[in-house]
Amino acid sequence: AAPQTGSSLAENYLALLWHHRLYLYAAAALVVGLWVSLKVIFGMFNFSLRLCFQKSGEKDAVLSGAKKQEEPEVHVSGVKIFYGSQTGTAKGFAKVLSEELEALGFPAEVIDMKDYDPDDRLADECVSGSVCVFLVATYTDGQPTESAEWFCKWLEDASTDFRYGRTYLKGLRYAVFGLGNSVYVGHYNTVCKNVDKWLWMLSAKRLMTRGEGDCNVVKSRHGSVQADFQAWKGKFLSRLQALATGEKKTCSGKNCKTGSSCKSKKEEEEASKETGSEVRRREEGVLLTVTKLRDGEVVKFSKLNGVKKIDDDGERREMITAALREALTKQGYKLIGSHSGVKLCRWTKSMLRGRGGCYKHTFYGIESHRCMETTPSLACANKCVFCWRHHTNPVGTEWRWKMDPAEKILQDALDKHQDMIRQFRGVPGVKPERYEEGLAVKHCALSLVGEPIMYPEINAFIRLLHSRRISSFLVTNAQFPEEIRSLEPVTQLYVSVDASTKDSLKKIDRPLFKDFWPRFLDSLKALGEKRQRTVYRLTLVKAWNVEEMQAYAELIALGQPDFIEVKGVTYCGESSASTLTMANVPWHQEVVAFVQQLAAMLPEYEVACEHEHSNCLLIAHEKFKLDGDWWTWIDYERFQDLVQAQQDSGGRQTFSALDYMAKTPSWALFGAREQGFDPADTRFQRRNKTKDISGC
């Protein structure tokens with residue numbers, strides 16, 4: 001017989017296994033059964049052993065007390081403070097907390113989230129005995145700051161990734177404090193809430209209720225974000241000291257992960273309700289919640305009194321809180337009533353000394369030493385990154401405060417302005433004739449801070465200015481189109497056009513309105529409907545908005561302003577809400593180049609004036625160029641006569657911007673040797689002095 005091949009042997013072997021497959025199944029079942037039985041037996045043995053030891057321990061404790069370990073248990077080996085900061089506030093809080101922890105004897109380490117890899121290191125904190133503190137700020141659109149972006153991204157992914165597991169951070173003890181601003185209703189402290197949630201989802205243990213700091217001093221529970229942090233910090237240090245001694249704290253109810261006793265869920269629910277758009281405050285011992293209904297009516301929900309309308313000034317809160325008053329007063333504001341202010345512009349001081357006027361003097365012929373810079377509304381609907389008021393003013397999208405009468409605001413503003421002028425009496429260098437002229441206000445720049453057009457009686461305020469023959473320069477941030485349409489004639493109406501696209505406007509102005517872009521465009525259309533002088537004010541921020549030439553040209557075509565002021569951004573030092581640096585400030589030649597390119601794209605506009613000292617140029621419509629000469633200046637007396645005639649005629653007699661123009665002097669023109677500096681004055685160059693950036 002022929003020998004069997006390898007393939008035939010394999011076939012015979014497989015056939016044999018197939019015929020005896022029942023025996024194989026039985027053997028496998030026997031092995032599995034034995035393995036399960038052994039597991040059950042060993043499990044019961046271990047349970048009985050633990051129970052025996054437990055009973056023995058209890059007996060020993062009853063008879064002689066529990067034996068202490070030779071080495072005491074370490075409950076807190078140290079504290080690691082993680083911070084995510086955009087402007088340095090959270091970093092400062094981290095350093096303050098670290099110093100106080102060291103003073104209490106706790107080793108503390110401050111860690112920038114951008115320098116920490118949570119994928120490699122965070123799980124180690126579960127067994128290190130450390131307590132982790134997270135100080136995180138919420139930035140634009142509820143997103144984390146750049147330094148915390150990766151950390152938060154990783155934490156979010158890990159909390160929903162099955163590969164990490166729900167117990168990945170079990171054993172990690174943590175506390176969270178957030179820095180946010182309640183005016184951004186949909187994004188208030190979003191980052192700290194998310195970090196808290198993601199840590200909890202990974203089974204980390206929360207040591208105390210999440211803290212939420214509010215940069216909005218009007219609604220902050222303790223008056224400022226710094227005060228909010230101080231209050232939370234005190235509670236955290238007390239909790240940490242108790243933890244270090246081995247004292248346990250009951251959990252908060254709905255987030256309970258142990259079988260220990262819990263507080264009622266009501267307390268946790270009430271704590272969570274304090275975030276978001278509602279504002280809680282205690283008045284005369286009764287907890288009140290202020291909220292807004294869909295019909296625009298502001299009401300209070302009181303535990304005792306139910307719904308209560310706020311329909312008169314007696315129920316409304318004052319805009320200027322104690323903390324806000326202190327902050328603005330330190331900046332040199334003279335506050336008026338409950339929502340207005342006045343401040344002396346640096347150009348007023350300069351022209352009193354004969355050292356030159358502001359760009360409005362060059363472009364429009366105002367007398368800077370006779371100009372009063374004020375506002376009837378400290379509140380604003382934007383939080384621009386280049387705001388030189390450092391965001392100490394309140395913000396909001398509607399008027400919800402007590403309101404002072406226009407007569408009182410104007411009279412107090414004039415009185416306080418004159419008081420500030422009188423302080424220059426006898427000061428070396430002040431020209432006596434200009435001092436006397438300065439006491440008689442001739443111009444009013446409604447551009448100090450905030451959004452003047454928000455003031456419900458703005459038209460009455462303007463009429464009062466004109467009745468005293470004071471010119472009006474009103475600046476708005478292009479978020480209130482209907483108010484622009486209803487505005488009575490002003491000497492010159494400005495709209496701030498800080499960016500030309502939706503994304504860049506959102507990034508630079510950081511508006512509160514969700515529909516900010518349609519409001520912005522509608523405001524430009526409303527400006528185009530005005531017959532008096534209108535101005536676009538462009539602020540150039542290098543690397544942010546200087547590349548948007550074509551888009552700017554389209555916006556100019558939309559509103560058809562009489563003038564376009566283009567100014568390089570002014571760096572005002574570090575701000576609590578801005579990442580602006582000197583690198584974002586364009587050189588004057590860069591501004592000139594931008595203006596020339598922009599003007600070349602506008603068929604009916606030319607570069608008219610320059611004020612090199614303010615890094616500012618003026619583009620004017622060709623209708624203000626007569627026989628080759630520019631007429632950008634204003635005949636202020638003529639304007640007052642025209643306004644009076646319109647009022648006397650009940651609005652039938654109207655006038656336009658061309659009816660009160662005046663010829664521009666040669667020294668103010670673009671290309672002149674003086675570069676916009678009035679030769680009647682003497683230019684003064686400061687050396688090694690801190691730059692004064694106040695002014696309009």
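Atom NZ of K530 sits in a crowded spot, with more than 12 heavy atoms from other residues, nucleotides or ligands closer than 6.0 Å. Within a 6.0 Å sphere centred on NZ of K623, other residues, nucleotides and ligands contribute more than 12 heavy atoms.
N189 contributes a side-chain N or O that, together with a main-chain N or O of L179, makes up a donor-acceptor pair within less than 3.5 Å. Judged by distance alone, the side chain of N615 and the main-chain N or O of K567 form no donor-acceptor pair under 3.5 Å. Side-chain atoms of T138 do not come within 3.5 Å of backbone N or O of G180 as any donor-acceptor pair. Looking at S368, its side chain does come within 3.5 Å of a backbone N or O of C358 through a donor-acceptor pair. Under a 3.5 Å cut-off, the side chain of N477 and the backbone N or O of Q479 do not form any donor-acceptor pair. Distance alone, capped at 3.5 Å, places no donor-acceptor pair between the S614 side chain and the C616 backbone.
There is no side-chain donor-acceptor pair under 3.5 Å between T190 and H187. Residues H621 and D562 have side chains that never bring a donor and an acceptor to within less than 3.5 angstrom of each other. Side-chain atoms of S656 and Q532 form no donor-acceptor pair, as typed in the model, at a separation below 3.5 Å. With no hydrogens or angles considered, no side-chain donor-acceptor pair links H417 and T374 at under 3.5 Å. Judged by distance alone, the side chains of T491 and R533 never bring a donor and an acceptor atom under 3.5 Å apart.
Here CD1 of I320 is found 11.0 Å from CH2 of W401. Values are rounded to the nearest 0.5 Å. With rounding to the nearest 0.5 angstrom, the NE2 atom of H613 is 3.5 Å from the CH2 atom of W347. Residue K193 holds its NZ atom at 5.0 Å from CD of E212, rounded to the nearest 0.5 Å. Between the OG atom of S85 and the CD atom of E146 there is a distance of 11.0 Å, given to the nearest 0.5 Å. A distance of 12.5 Å separates CD in E482 from CG in L487, rounded to the nearest 0.5 Å. Separation of atoms CE (M454) and CG (L378) is listed at 11.0 Å; rounding is to 0.5 Å.
Applying the salt bridge (charged side-chain N to carboxylate O under 4.0 Å, His left out) criterion to E604, with sequence neighbours excluded, gives no partner residue. Every residue meeting the side chain to side chain donor-acceptor pair (under 3.5 Å) condition with S220, not counting sequence neighbours, appears here in chain and number order: D228. With sequence neighbours excluded, the residues satisfying side chain to side chain donor-acceptor pair (under 3.5 Å) with Q644 are D648. D515 meets the salt bridge (charged side-chain N to carboxylate O under 4.0 Å, His left out) test with R519; sequence neighbours excluded. Annotation: side chain to side chain donor-acceptor pair (under 3.5 Å) contacts of T145 (sequence neighbours excluded): S147.
Between F639 and Y660, the two ring planes are tilted [angle within 30° to 60°].
Here Y184 and Y188 keep their ring centres 6.0 angstrom or further from each other. For F624 and F563, the ring centers are positioned less than 6.0 Å apart. Ring centroids of H443 and Y636 are separated by less than 6.0 Å, placing the two rings close together.
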* Given the rule in the side chain to side chain donor-acceptor pair (under 3.5 Å) test, do E565 and Y494 qualify, once you have shown the distances and angles that lead to the verdict? -> CA-CA 9 Å; E565 293 177 3; Y494 288 77; 2.9 Å; yes
* **Derivation and outcome, ring-ring contact (aromatic ring centres under 6.0 Å, His included), residues W399 and H339** => CA-CA 11 Å; W399 190 271; H339 54 75; 4.7 Å; yes
* Asked: Run the ring-ring contact (aromatic ring centres under 6.0 Å, His included) check on H222 and F229 step by step: do they pass?
  -> CA-CA 9 Å; H222 301 91; F229 175 71; over 10 Å; no
* Assess whether salt bridge (Lys or Arg N to Asp or Glu O under 4.0 Å) is satisfied between D404 and K408, documenting all intermediate values. => CA-CA 7 Å; D404 300 325; K408 172 179 171 54; over 6 Å; no
* Test log, rule side chain to side chain contact (heavy atoms under 4.5 Å, CB included), inputs Y364 and M661 -> CA-CA 9 Å; Y364 315 119; M661 61 182 182; over 6 Å; no
* For salt bridge (Lys or Arg N to Asp or Glu O under 4.0 Å), just list the numbers for D141 and K506, CA-CA rounded to whole Å, side-chain angles, deciding distance to a tenth of an Å, and then say yes or no. => CA-CA 9 Å; D141 284 345; K506 186 176 185 178; 2.6 Å; yes
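Contacts classified as ring-ring contact (aromatic ring centres under 6.0 Å, His included) and involving residues 502-529 (residues at least two apart or in different chains) are given here: F480-F513, W517-F520.
Looking only at side-chain heavy atoms (C-beta outward), L414 and V441 come within less than 4.5 Å of each other. For the pair L446/F473, no side-chain contact is recorded, criterion being any heavy-atom separation below 4.5 Å from C-beta on. D522 places a side-chain heavy atom less than 4.5 Å from the side chain of R485.
The pair D659-R531 does not meet the salt-bridge criterion, since no charged nitrogen lies less than 4.0 angstrom from a carboxylate oxygen.
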